[in-house]
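What follows is a short report on a single structure.
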Amino acid sequence: MKKYLILVIAIIAVSCSKSDDNNTKADPIFDAPYTALKNLSELPVGNLKYAGNKVGNLPVGLLEANNSTCKRLDLLVVDQQKVVLKYHVFESKDNKDCKLIWDYPEQIAISPIVEAGKMPSVVSILSNRPATKEELEKDPETKYYLQTKQVYKGDLEVGFQAGYLRIEDKISNSTEGNLNKGKSYLYFHIK
């Protein structure tokens, strides 16, 4: 009888502790069906406003309609040729005005999709580099030179989810840390 009583107590203890693990919140955006981009022709042309992001294993966070932060200005520009996408990322550098984080929008050179949902890309940051003393001696009119820094080369996961364009985040200033393990994604309005 003691064995059965111990067994019943153990089962109750295990079932009580397991019920706490089932409190994971649903993510209506990330849990929605995902459609991988199959061809660059599916990319919507125009200025796609930033909608939100998913950082690691955290749920998708969308900007509220009345958001007043600089993130409300972020956008992805997709032109007709679909060769280079431009990602404009803004921040407040003086707690007053929103300005581009980098000197120019981030450049995402893309190639035709070979495998659905994987867009071959080279992500670069363009910035103004002050002219060196030698360069100023040769051309005193030129104060800055354009400098390119490649920040990522590889496939970006891209597709559509819950009415948004979803792109694997290798293009923002967000980095993986202790609280955001796993892939991160950016979401853009497509209408």
Under a side-chain separation threshold of 4.5 Å, the hydrophobic residues clustered together with V60 are I29, F30, L62, Y164, Y185, Y187

Taken to the nearest 0.5 Å, the spacing of E157 CD from S121 OG works out to 12.0 Å

- Message: Does R166 qualify as a cation-pi partner of Y34, given the criterion of NZ or CZ under 6.0 Å from the six-membered ring centre and within 45 degrees of its axis?
- Response: yes

CD of E134 to CG of D139, rounded to nearest 0.5 Å, is 14.0 Å

message = Would you say that H88 contacts L100 through its side chain, given a criterion of any heavy-atom pair below 4.5 Å between the two side chains?
response = yes

Contacts satisfying disulfide bond (SG atoms under 2.5 Å apart) that involve residues 70-144 (not counting sequence neighbours) are C70-C98

Any I171 side-chain heavy atom under 4.5 Å of L156 side chain: yes

So NZ of K54 and CG of D27: to nearest 0.5 Å the spacing works out to 6.0 Å

Q.
Contact between P33 and F160 at the side-chain level, heavy atoms closer than 4.5 Å - yes or no?
A. no

Sorted by chain and residue number, the side chain to side chain contact (heavy atoms under 4.5 Å, CB included) partners of S111 (sequence neighbours excluded) come out as P120

Separation between CG (D155) and NZ (K170), nearest 0.5 Å, reads 11.0 Å

Output for pair (D103 CG, I125 CD1), nearest 0.5 Å, gives 10.0 Å

(Q) Check this for me: does any side-chain nitrogen of one of E106 and K86 sit under 4.0 Å from a carboxylate oxygen of the other? (A) no

| query | Between K71 and E64, is there a salt bridge with N-O shorter than 4.0 Å? | reply | no

Rounding to 0.5 Å, atoms CD1 (I108) and CE (M119) come to a distance of 7.0 Å

*Kindly determine whether K143 and E135 satisfy salt bridge (charged side-chain N to carboxylate O under 4.0 Å, His left out), including the steps that lead there.*
CA-CA 9 Å; K143 302 293 183 210; E135 290 169 334; over 6 Å; no

